Amino acid sequence: MVDSVPATPVAAAAAPAAASQPAQQGQRNVVVLATGGTIAGAGASAMNSATYSAAKVPVDKLLAGLPELSKVAQVRGEQVFQIASESFTNDNLLVLAKRVSALVKQPDVDGVVITHGTDTLAETAYFLSLTVHTNKPIVVVGSMRPGTALSADGALNLVNAVSVAASKDAEGKGVVVTMNDEIQTARDVNKDVNIKTSAFQSQWGPLGMVVEGKNYWFRAPVKRHTMQSEFNIDSITSLPAVEVVYSYGNVPRTAIDAFVGTGAKAIVHAGTGNGSVADRIVPALQEARSKGVQVIRSARVPYGFVLRNAEQPDDKYDWVVAHDLRPEKARLLAALALTKTNDPKEIQRIFWEY
Ligand SMILES: NC(=O)C[C@H](N)C(=O)O
C-alpha cells in the first residue's frame with residue numbers, strides 16, 4: 001500500500017501571515033510552520049498540565065502572544081496543519097517536508113521553525129533531516145504543557161527555536177530540536193519521558209544549549225543529513241508501506257503475517273534485548289523475506305544498538321539491522337531507502353550512514 005500526496009495541499013492549508021512584529025534592522029527572517037500539538041494546546045485551568053486539548057491555538061495567536069520574538073528575528077507564521085502529532089501520517093510528513101524545502105529555497109528566508117506535538121516530533125524531525133536539502137537551520141519544537149498551564153514550557157521553547165533558526169552558527173548542523181534549553185540533533189533525539197519537561201533525550205547527548213538567545217555548541221552530528229543526504233523530498237511523491245512489529249514474551253506471528261498480507265514492503269521488528277527474535281517468529285520473518293519483504297531488525301530497548309549477525313544470522317537470512325535507530329525512526333529510513341533500492345545490502349549501507 002502506498003500513501004500518496006494530494007496535488008497542492010499546502011497552499012490550501014496555509015494561513016495568512018501572522019500578526020507580524022516591527023522589523024529591526026539586520027534581523028534574520030524566520031518562518032514558523034505550525035502543525036498543532038500541545039504547544040498549541042489549551043486546558044480548562046492553570047492546574048491542567050496534562051489534561052487539555054492539543055492543537056487549538058492558531059499560529060498567529062501563538063506568535064502574537066510572544067512579543068519577545070521580535071527581539072530575536074523577523075518572524076511570520078503559516079498554519080500547515082492543526083493536529084495532535086500522534087495522528088501524523090505519511091501524507092502529513094510529505095506535505096510538511098515539501099513546504100520546508102520550498103521555503104528554504106527562498107532568499108528571504110534564513111531559517112524555519114516547525115511547531116509540532118511532542119509524541120512524534122522526533123520522527124518528523126528525522127524525516128526532515130533526511131529529505132530537505134539545505135544548510136539553513138531547521139528547528140522542530142513542541143511543549144509538554146499547554147500554554148494555559150502553570151510553568152508552561154512552550155513559550156521559552158519557541159523563543160529558543162526561533163533564536164536558533166535565526167543563528168548563523170546553526171547553519172549546516174542539520175535539523176535540530178530545541179526543548180528544555182537543549183539543542184538536540186534530529187537523528188538522535190527521542191521522546192523518552194512523558195509528563196516531564198525533560199522529555200527529549202539522546203543517548204549520545206545534546207549538541208548544545210540555547211540560553212538567553214545565544215547558542216552554546218559542544219558537538220556536531222556525524223551522520224549524513226540535509227545537504228549530504230541522497231534523499232530529496234522534491235522528488236518523493238509517496239512512501240512505501242513499512243510497518244513495525246513489537247516483540248514480547250509469548251509473541252505470536254499474527255502481526256507479521258497480517259502486515260505481509262496488506263502489502264508491507266518492509267517490516268521493522270522491534271525485538272527484545274539486542275534485537276533478538278523469538279524462535280517461533282523467525283520462520284514468519286523468513287517467509288516474509290522470501291516474498292521480497294525487507295526485514296529490519298531493531299530493538300525495543302531504548303539505548304545501545306543492534307549488532308549485525310549477533311542474536312540472528314543476518315547475512316544468512318538477508319536481513320538488515322537498524323543500528324541505533326528506534327523502530328519508528330527505522331520505519332522512516334527504510335521507507336526512504338526503498339524509494340531507491342530493494343537490495344538489502346544497499347539498505348544496510350544506508351542504515352550505517354544515516
Ligand atoms: N506534548 C504533546 O505535544 C503531546 C500531544 N499528544 C502531541 O503530540 O500532539
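Just follow the structure's listing: the first ligand is 1, and inside any ligand the first atom is 1. The shown structure was predicted, so the numbers you read here are calculated from the model rather than taken from an experiment.
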Item to check | Parallel, tilted or perpendicular: ring planes of F305 versus W204, cut at 30 and 60 degrees | outcome: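 Judged by the thresholds at 30° and 60°, the geometry between F305 and W204 is tilted.
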Could you check [atom] against the protein and tell me its nearest heavy-atom contact, residue, atom and distance included?
atom                   : answer
atom 1 (N) of ligand 1 : T118 OG1, 2.6 Å
atom 9 (O) of ligand 1 : S85 N, 2.8 Å
atom 2 (C) of ligand 1 : T38 OG1, 2.7 Å

Next on the checklist: Check for me whether K223 meets the cation-pi criterion with Y354, that is, NZ or CZ under 6.0 Å from the six-membered ring centre and within 45 degrees of the ring axis.
Outcome noted: no
Checklist entry - Below 4.0 Å from any atom of ligand 1, is there a heavy atom belonging to S143? => result yes
Under 4.0 Å from a heavy atom of [X]: give me the atoms of ligand 1 that qualify, with their elements.
X    : answer
A84  : 9 (O)
G37  : 9 (O)
G117 : 3 (O), 7 (C), 8 (O), 9 (O)
E86  : 5 (C), 6 (N), 7 (C), 8 (O), 9 (O)

Item to check | Sub-4.5 Å side-chain heavy-atom contact between L325 and F351 | outcome: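 Yes, side chains in contact.
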Next on the checklist: Contact between E287 and R253 at the side-chain level, heavy atoms closer than 4.5 Å - yes or no?
Outcome noted: yes
Next on the checklist: Under a plain distance cut-off of 3.5 Å, with no hydrogens placed, do D315 and N309 share a side-chain donor-acceptor pair?
Outcome noted: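 Looking only at side-chain atoms, D315 and N309 do form a donor-acceptor pair, the distance falling under 3.5 Å.
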Next on the checklist: Tell me the closest heavy-atom pair linking R297 and S276, and the distance in Å.
Outcome noted: NH1-N, 4.4 Å
